Chemist: 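This structure is in structure tokens; I'll ask about it shortly.
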Amino acid sequence: MIRGRAWKLGDDISTDHIAPGRYFHLRNDLEKLAEHLLEDVIEGFAQKINKGDVIVAGKNFGLGSSREHAARIIKIAGISCVIAKSFARIFYRNAINVGLPLVELKETDEINQGDELEVDLERGVVRNLTTGREYRFTPIPKFLLEILKEDGIVNYLKKHGTFPEV
Amino acid sequence: MGKTLTEKIFSEHTGREVKAGEIVLASVDIAMAQDGTGPLMIKEFQELGFKEVKVPKAFLFIDHASPSPRRELSNSQKLMREFGKQMGVVVFDMGDGISHQVLAERFVRPGDLVVGADSHTCTAGGLGAFGTGMGSTDVAIVFGLGKNWFKVPEAIRVVLEGKLPEGVYAKDVILEIARILGSDGATYKALEFQGSCVEGMDVDDRLTISNMAVEVGAKAGLMPSDEKTREYLKKMGREEDYRELKPDPDAIYEQEIVIDVSKLEPLVALPHYVDNVKRVSEVEKEKIKIDQVFIGTCTNGRLKDLEIALKILRKHGKHPDVRLIVGPASRRVYAEALEKGLIKEFVELGAAIIPPGCGPCVGIHLGVMADGERVLSTQNRNFKGRMGNPEGEIYLGSPAVAAAAAVTGYITDPRRLL
Ligand code: SF4
């Protein structure tokens, strides 16, 4: 079960917001790159968050480049899950591959900055412990959940030697 | 039941008949990574314990930060060269050009499945291939296994009818599509282009349109292959790679949009989103001052684009306050532009020519703007900070719109300057 405080972001958060291109030279040092996570959106974001916090965004989160570093540094910075109205395709795939759970939820506007959230991926439930509201989302397809459960595709392939059954 | 081009290509690569919506394991023809994503790809390749590269054509491109502007990058580029030698993977190094352009010139065949650790791998769609961007780990898996999992996307039919008016180009067409669909209008889907405008278009223009399919969230943007494709491949010295490939007439599309291109005007995408598209004729009233113009990138860095820009620039000259940067998309484009005297003209007009590669597009080097400055670029993205400075603004347009801004110093309708 995922539990953490909400950080509210808007629509169309791009990979350039998440991992600014000007830190291109830090791509081999993800811990350092993670210090700059989303800093063009919220100053000092990486320093302000606590381990386990949840990003709650609008539509099309992660649009832009294929840089997997974006999904990775969100995880490295300590975010436990990203909830958004929708995700860009490459980002979605990268997040699953690196073991970062994503939740597609239409009602993100009802969640406020700082709300305490609980996410049950398998059952497809988000609970807002602050407001007492509960939301259902379409659970992640089994194929992808298998990958998430092993903390990403690399661990999955190392352990099972092949892809989950399609 | 008829198939979309997407379904045809995935059927061929999974060895059975597949339909949109299915998750499949498909074999890949071409895989690549660039210097931003390659080092992580190599790390994951090694982490997964792969000993050899199993994909038929695998490449590494040092195009993003090249020649290297700093030590950390030089070190990771060295790692790429070493990996290439060790694994027998060809490394296209500084000066060779942008991955998508080089792949189109030399390797992509109609019907191929192409994956790249770069979101604009969809450019390959211009030749009738299914090209799609993935992350480093996904590409590492393709390098090591020759295949990966895919969800066969549903397709949107984009019908482009009519003839482009004077001063309106392929870039304006894809900006119009971005305006209509928005930056997430085609998420998880493929765009399939058809119609008389597409039929009349050469491959250079098709590449420009396919290149920006990802800007509306699409997984790929495919053109049918036809005589224009054959002509292009012949020019590239590989006519034998040609085959005709079209969607079935009764293919099922998730959605259809029809655009009469003869009604289009020059367009511009305003900061900070690609779908923030306006008519140049309207925007020019605001007298938006431009400090730097960049003509290049995988979207519009081809010979034709340089010619379009020069047509305007040689007539009117460059405004003294505008910095003009020109980046040929590949070594081949550069050589051709030299041969035709285009580079000399640009140089004499006051432009700075940068080596084939991504240049300022990615915000690491070769033209980072100052705080508060505005750039008009022929590239595909204008997100905040994209070109290295979140305090600047990026406007996107065709090479003609870019050239017009370089002439007058503000956003200008190029039709008056033709
Ligand atoms: S030119 Fe720009 S968009 Fe194209 S591959 Fe290079 S950085 Fe990416």
Side-chain angles (χ1 to χ4, degrees), chain A residues 11-17 19-30 32 39-41 58-72 85-98 141-144 147 152-158 161-166, chain B residues 22-25 36-37 39-41 43-44 47-49 64-65 69-73 75-76 79 116-121 132-141 145 148-149 153 182-184 187-189 214-215 217-219 272-273 362-364 368 381 383-390:
Chain A
D11 289 337
D12 295 311
I13 297 294
S14 75
T15 50
D16 281 292
H17 288 120
R22 61 181 175 279
Y23 301 116
F24 194 87
H25 60 288
L26 294 179
R27 287 197 185 178
N28 276 337
D29 191 347
L30 292 174
K32 271 227 186 86
E39 69 177 21
D40 291 343
V41 184
K59 70 170 179 71
N60 208 14
F61 186 89
L63 78 157
S65 97
S66 68
R67 66 190 77 149
E68 185 178 308
H69 314 71
R72 284 182 186 254
K85 284 183 192 150
S86 64
F87 292 93
R89 186 194 65 82
I90 306 178
F91 180 84
Y92 188 90
R93 194 174 168 118
N94 285 341
I96 303 289
N97 274 342
V98 305
K142 194 168 157 286
F143 182 89
L144 302 179
I147 296 172
I153 189 73
V154 171
N155 291 333
Y156 191 97
L157 286 175
K158 274 165 76 176
T162 174
F163 295 98
E165 220 159 291
V166 294
Chain B
E22 282 184 58
I23 289 183
V24 301
L25 289 183
T37 56
L40 183 56
M41 190 282 289
K43 191 166 155 260
E44 296 308 304
E47 173 76 26
L48 281 158
H64 274 57
R70 56 191 296 166
R71 181 178 167 188
E72 298 91 330
L73 298 176
N75 288 336
S76 50
L79 180 108
D118 189 284
S119 60
H120 293 103
T121 308
T132 194
M134 288 182 158
S136 299
T137 301
D138 267 321
V139 171
I141 291 168
L145 299 176
N148 205 335
W149 69 270
S183 62
D184 62 348
T187 304
Y188 307 123
K189 310 209 173 89
V214 67
E215 258 51 75
K219 188 164 178 170
H272 294 286
Y273 291 100
V362 72
I364 322 163
V368 177
R381 287 200 175 131
F383 302 141
K384 199 174 174 186
R386 168 81 190 178
M387 297 182 85
N389 187 347

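Being a predicted model, the structure only gives us computed values, none of them experimental. Chain naming here is simple, since letters A, B, ... match the order of the sequence lines and numbering starts at 1 in each.
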Chemist: As an exercise, state the distance from CG of Leu25(B) to CD of Glu165(A), rounded to the nearest 0.5 Å.
Modeler: 10.5 Å

Chemist: Please tell me if the side chains of Met134(B) and Asn97(A) come closer than 4.5 Å, counting only heavy atoms from C-beta onward.
Modeler: no

Chemist: Which atoms of Glu44(B) are under 4.5 Å from chain A, going by heavy atoms: the side chain, the backbone, both sets, or neither?
Modeler: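 Contact with chain A: side chain only.
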
Chemist: So for Asn148(B), is it side chain, backbone, both, or neither that comes closer than 4.5 Å to the heavy atoms of chain A?
Modeler: both

Chemist: Strictly below 4.0 Å, N to O, side chains only: are Arg93(A) and Asp138(B) in salt-bridge contact?
Modeler: yes

Chemist: Under a 3.5 Å cutoff, is there a donor and acceptor pairing between the side chains of Ser14(A) and Arg381(B)?
Modeler: no

Chemist: Below 4.5 Å, heavy-atom pairs only: which of Pro164(A), Gly21(A), Ser65(A), Ala70(A) has the largest tally toward chain B?
Modeler: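 With the most close heavy-atom pairs to chain B, the winner is Ser65(A).
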
Chemist: Starting at CZ of Arg67(A), measure out to OG of Ser119(B) and round the result to the nearest 0.5 Å.
Modeler: 8.5 Å

Chemist: What verdict does the side-chain hydrogen bond (donor to acceptor under 3.5 Å, both in side chains) test give for Arg72(A) and Thr137(B), after you've listed the backbone C-alpha separation in whole Å, the side-chain angles of each residue and the deciding distance to 0.1 Å?
Modeler: CA-CA 11 Å; Arg72(A) 284 182 186 254; Thr137(B) 301; 3.1 Å; yes

Chemist: Would you mind telling me which of Glu72(B), Lys384(B), Lys219(B), Arg386(B) has the largest number of heavy-atom pairs within less than 4.5 Å of chain A?
Modeler: Lys219(B)

Chemist: For Leu144(A), which atoms come within 4.5 Å of any heavy atom of chain B: side chain, backbone, both, or neither?
Modeler: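 Only the side chain of Leu144(A) comes within 4.5 Å of chain B.
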
Chemist: Which atoms of Phe383(B) come close to chain A, meaning under 4.5 Å heavy atom to heavy atom: side chain ones, backbone ones, both, or neither?
Modeler: side chain

Chemist: Identify which part of Leu73(B) has an atom lying under 4.5 Å from any heavy atom of chain A, answering side chain, backbone, both or neither.
Modeler: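 The answer is the side chain of Leu73(B).
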
Chemist: Step through the shown structure and confirm whether more than 12 heavy atoms of other residues, nucleotides or ligands are within 6.0 Å of NZ on Lys85(A).
Modeler: yes

Chemist: Are any side-chain N or O atoms of Arg89(A) and backbone N or O atoms of Gly133(B), one a donor and one an acceptor, separated by less than 3.5 Å?
Modeler: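 Yes; at least one donor-acceptor contact below 3.5 Å.
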
Chemist: If I measure from the heavy atoms of chain B, does Thr15(A) come under 4.5 Å with its side chain, its backbone, both, or neither?
Modeler: neither

Chemist: Which one wins on heavy-atom pair count under 4.5 Å against chain A: Ile364(B), Thr37(B), Val362(B)?
Modeler: Ile364(B)

Chemist: For Ile90(A) and Gly135(B), work out which heavy atoms get closest and say how close.
Modeler: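 It is CG2-N, 4.2 Å.
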
Chemist: Between Ser86(A), Ala88(A), Gly64(A), who has the most heavy-atom pairs with chain B when the cutoff is under 4.5 Å?
Modeler: Gly64(A)

Chemist: Between His25(A), Lys158(A), Arg22(A), who has the most heavy-atom pairs with chain B when the cutoff is under 4.5 Å?
Modeler: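 Highest number of heavy-atom pairs under 4.5 Å: His25(A).
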
Chemist: Heavy-atom distances under 4.5 Å only: say whether Ile141(B) touches chain A with side chain, backbone, both or neither.
Modeler: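 It is the side chain, since no backbone atom gets that close.
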
Chemist: To the nearest 0.5 Å, how far apart are CG in Asp16(A) and NE2 in His272(B)?
Modeler: 12.0 Å

Chemist: Could you have a look at Ile153(A), Asp29(A), Asn155(A), Asp12(A) and say which one has the most heavy-atom pairs with chain B under 4.5 angstrom?
Modeler: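 Answer, by heavy-atom pair count under 4.5 Å with chain B: Asp12(A).
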
Chemist: Sort Phe87(A) into side chain, backbone, both or neither according to what part of it lies under 4.5 angstrom from a heavy atom of chain B.
Modeler: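 The answer is both parts of Phe87(A).
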
Chemist: Mind checking whether Ile147(A) and Trp149(B) have side chains closer than 4.5 Å, heavy atoms only?
Modeler: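 Side chain of Ile147(A) against side chain of Trp149(B), heavy atoms only: contact under 4.5 Å found.
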
Chemist: For a quick test of reading the model, state the closest non-hydrogen atom pair linking His69(A) to Gly36(B) and the distance between them.
Modeler: CE1-O, 3.3 Å

Chemist: Is there a side-chain contact between Asn60(A) and Thr187(B) (heavy atoms, below 4.5 Å)?
Modeler: yes

Chemist: Roughly how far apart are Asn28(A) CG and Ser76(B) OG, rounded to 0.5 Å?
Modeler: 5.0 Å

Chemist: To the nearest 0.5 Å, tell me how far Tyr273(B) OH sits from Asp11(A) CG.
Modeler: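 Taking OH in Tyr273(B) and CG in Asp11(A), the distance rounds to 8.0 Å.
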
Chemist: Would you mind checking which part of Phe24(A) comes under 4.5 Å of any heavy atom in chain B, side chain (CB onward), backbone (N, CA, C, O), both or neither?
Modeler: both

Chemist: Counting heavy-atom pairs under 4.5 Å with chain A, which one of His64(B), His120(B), Glu215(B), Arg71(B) comes out on top?
Modeler: His64(B)

